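If you're wondering where the values come from, they're calculated on a predicted model, not measured in any experiment. What's counted below: heavy atoms across the whole structure, side chains too, no hydrogens, waters or symmetry copies. In what follows, chains are A, B, ... by sequence order, proteins preceding strands, each numbered from 1.
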There are 2 protein chains.
Amino acid sequence: MATGRTHRPATRSRGIPEATVARLPLYLRALTALSERSVPTVSSEELATAAGVNSAKLRKDFSYLGSYGTRGVGYDVEYLVYQISRELGLTQDWPVVIVGIGNLGAALANYGGFASRGFRVAALIDADPAMAGKPVAGLPVRHTDELESIISDNGVSIGVIATPAGAAQQVCDRLVAAGVTSILNFAPTVLSVPDGVDVRKVDLSIELQILAFHEQRKSGEDAGQAVAPPPPLRSASDGRKGPDGDVPAVMPA
Amino acid sequence: MATGRTHRPATRSRGIPEATVARLPLYLRALTALSERSVPTVSSEELATAAGVNSAKLRKDFSYLGSYGTRGVGYDVEYLVYQISRELGLTQDWPVVIVGIGNLGAALANYGGFASRGFRVAALIDADPAMAGKPVAGLPVRHTDELESIISDNGVSIGVIATPAGAAQQVCDRLVAAGVTSILNFAPTVLSVPDGVDVRKVDLSIELQILAFHEQRKSGEDAGQAVAPPPPLRSASDGRKGPDGDVPAVMPA
DNA sequence: CCATCTTTGTGCACGCGTTCACAAAGGCAT
DNA sequence: ATGCCTTTGTGAACGCGTGCACAAAGATGG
């Protein structure tokens with residue numbers, strides 16, 4: 001931002017805003033599609049539309065990476081694909097392990113989006129002995145006992161947790177102790193990790209609840225108020241439906 | 001985290017900040033756990049720790065809902081569970097349809113977190129005729145042809161898209177046309193919808209890429225610079241194709 | 001009834017992220 | 001060259017979200 005323009009796109013601008021990082025994959029996807037159609041260049045306006053964002057925001061995002069555009073013309077698609085890929089670290093191979101091979105874990109293992117971007121499923125791990133050896137998505141499921149050695153042998157630094165909530169923290173601890181420093185958590189639990197370890201969580205239940213909030217608002221706000229009045233304090237026997245608490249069950253292994 | 005995409009700052013009616021809404025499900029989960037253990041009251045500090053947030057933030061969040069706490073004591077667990085549930089619209093039944101019963105769709109259908117919070121899977125829909133009638137998670141898969149009638153008959157307003165990216169927009173359009181006003185999108189595509197329709201997206205690939213970015217940064221930034229030098233920068237007219245030809249596809253199951 | 005202790009509710013300041021708006025840069029036609 | 005047209009890159013303003021710090025509220029004990 002200072003006056004001096006950078007001649008070198010060098011990685012000197014350490015401070016790429018988190019919000020920008022979160023959008024880079026979006027741009028990369030749109031650019032990849034353009035690349036496949038052999039489109040040579042694209043303007044910020046076109047790309048922004050394709051990515052579903054504001055063009056000014058897109059330009060500012062790219063400005064953090066360096067000046068890769070040509071005024072009056074736009075951005076070179078191939079070049080930008082390369083730059084973003086490099087910035088995201090996708091030019092290297094990232095072995096990942098998926099722990100908890102239930103319905104969700106299996107779905108993730110079969111998810112094509114992983115392998116397509118430098119992510120390689122190094123192993124599928126499950127605590128159920130009956131699952132051991134059973135092939136899922138072309139890979140034999142390994143037992144939890146092997147977790148540490150698998151991570152160590154493959155140099156895994158990214159782990160995906162798809163276990164029931166109750167086992168998540170324990171699995172997380174083992175992953176971290178074994179050397180994993182980035183975790184993608186699908187279990188509906190708050191994971192506590194030491195400094196230096198990144199955790200991102202994907203929670204289906206939460207997403208739905210947020211949608212429900214907005215949905216309720218759309219269908220008249222007056223209706224929502226017509227429900228039973230609140231019990232002020234100490235209501236002994238709670239009449240709510242079964243204690244679901246998505247705490248437990250997520251994926252019946 | 002995870003994702004979630006909001007292009008609508010619209011939540012001004014009751015003025016509950018979007019960021020707060022996104023945390024309410026988190027509080028609700030922690031409170032439900034306390035409720036099951038019959039804990040009568042909880043302080044903002046304790047609850048904040050359980051939810052993994054700052055206590056001041058939690059108090060401010062609750063202040064948007066009203067003054068439900070008692071100074072010197074804390075919050076009444078049951079009462080708060082009720083208030084948050086009501087605010088999120090979970091006191092009513094939300095029928096949802098899941099479109100695209102592949103690996104992921106099936107996993108979602110089996111996901112316990114849905115039914116546990118007022119969300120009821122009204123139907124599973126797939127375009128493959130071979131899937132029709134086949135039971136998944138106890139429900140017979142319905143063919144896409146029935147989409148409109150299913151939504152209409154069940155008063156569905158929330159739809160979950162778990163189809164391949166290529167079919168997502170089309171499915172989305174049909175859902176919206178049929179009356180759905182909230183969509184949870186798992187397909188790696190930017191969906192365009194008319195005003196009044198909310199879309200949240202969950203993109204596994206993006207989450208991993210964000211993790212990779214931070215991971216790369218941890219493991220020395222110098223290493224990343226030692227890779228192949230940047231490609232061309234020639235603008236138009238030069239129809240040279242990318243040398244590395246970034247891997248295409250982004251398709252999920 | 002008063003003193004003390006705990007915990008809430010919030011005013012305030014700060015920093016990040018978004019958006020506008022425009023000068024500068026570069027291509028292109030004449 | 002020269003002037004016009006397109007599009008980038010970014011300064012600046014604005015708004016949202018976060019976290020601090022503290023006064024007010026209420027419980028509790030003497």
Side-chain angles (χ1 to χ4, degrees), chain A residues 1-9 13-24 26-27 39-77 79-80 83 210 232-234, chain B residues 1 4-12 14-24 26-27 39-49 51-77 79-80 83 210 233-238:
Chain A
M1 262 23 48
T3 40
R5 277 279 43 243
T6 51
H7 317 332
R8 277 314 252 167
S13 43
R14 288 298 180 292
I16 295 182
E18 192 57 35
T20 294
V21 172
R23 281 188 292 270
L24 290 181
L26 220 51
Y27 301 145
V39 177
T41 61
V42 64
S43 70
S44 63
E45 199 64 54
E46 296 171 305
L47 186 54
T49 299
V53 303
N54 178 297
S55 70
K57 190 186 295 185
L58 178 145
R59 287 199 297 278
K60 179 144 290 189
D61 282 341
F62 285 174
S63 76
Y64 292 118
L65 306 182
S67 295
Y68 297 147
T70 303
R71 296 174 192 236
V73 177
Y75 299 89
D76 181 278
V77 174
Y79 188 51
L80 209 43
Q83 288 299 340
I210 294 173
L233 287 168
R234 300 289 296 141
Chain B
M1 322 247 175
R5 170 144 179 277
T6 313
H7 49 337
R8 188 107 206 127
T11 315
R12 82 291 218 180
R14 226 342 168 206
I16 296 182
E18 191 57 34
T20 294
V21 172
R23 281 188 293 269
L24 291 182
L26 221 50
Y27 302 144
V39 176
T41 61
V42 64
S43 70
S44 64
E45 198 65 53
E46 296 171 306
L47 185 55
T49 298
V53 303
N54 179 298
S55 69
K57 189 186 296 184
L58 179 143
R59 287 198 298 276
K60 181 149 293 189
D61 282 341
F62 285 173
S63 76
Y64 292 117
L65 305 184
S67 296
Y68 297 146
T70 303
R71 297 176 191 232
V73 177
Y75 299 89
D76 180 277
V77 175
Y79 186 52
L80 209 44
Q83 288 300 340
I210 294 173
L233 177 50
R234 276 272 42 87
S235 48
S237 51
D238 187 319

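- The minimum heavy-atom distance linking Tyr27(B) with Ala51(B) is given by the pair CD2-CB, 3.8 Å.
- One atom, CG of Asp76(B), and another, C1' of dG26(D), lie 16 Å apart when rounded to the nearest Å.
- With sequence neighbours excluded, the residues satisfying salt bridge (Lys or Arg N to Asp or Glu O under 4.0 Å) with Arg23(B) are Asp61(B).
- For Tyr64(A) and dT10(D), the OH to P distance is 10 Å, given to the nearest whole Å.
- With sequence neighbours excluded, the residues satisfying side-chain contact (heavy atoms from CB on, under 4.5 Å) with Ala48(A) are Val53(A), Ser55(A), Leu58(A).
- Under the rule for a ring pair (Phe, Tyr, Trp, His ring centres under 6.0 Å), the partners of Tyr75(B) that lie at least two apart in sequence or sit in another chain are Phe62(B).
- Remark: Leu47(B) CG to Thr41(B) OG1 distance equals 11.0 Å, nearest 0.5 Å.
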key: Reading 5' to 3' through nucleotides 4-14 of chain C, protein heavy-atom contacts under 4.0 Å coded B for base, S for sugar-phosphate only, - for none   = --BBBBBBB--
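- From Lys60(B), atom NZ reaches atom OG1 of Thr20(B) across 9.5 Å, with rounding to the nearest 0.5 Å.
- Here CZ of Arg59(B) is found 9.0 Å from OG of Ser43(B). Values are rounded to the nearest 0.5 Å.
- Rounded to an integer number of Å, the gap from CD of Glu18(B) to P of dC16(D) is 12 Å.
- Minimum interatomic distance between Gln83(A) and Tyr68(A) (heavy atoms only, all atoms of both residues): OE1-OH, 3.1 Å.
- Look at Asn54(B) and you'll find a side-chain N or O under 4.0 angstrom from OP1 or OP2 of dC20(D).
- Taking atom NZ of Lys57(A) as the reference point, atom P of dA12(D) lies 22 Å away to the nearest angstrom.
- For the pair Arg23(B) CZ and dC16(D) P, the interatomic distance rounds to 15 Å; values are reported in whole Å.
- Note on the helix from dC1(C)-dG30(D) to dT30(C)-dA1(D): angle between the axes of the first and last five pairs equals 10°, rounded to 10 degrees.
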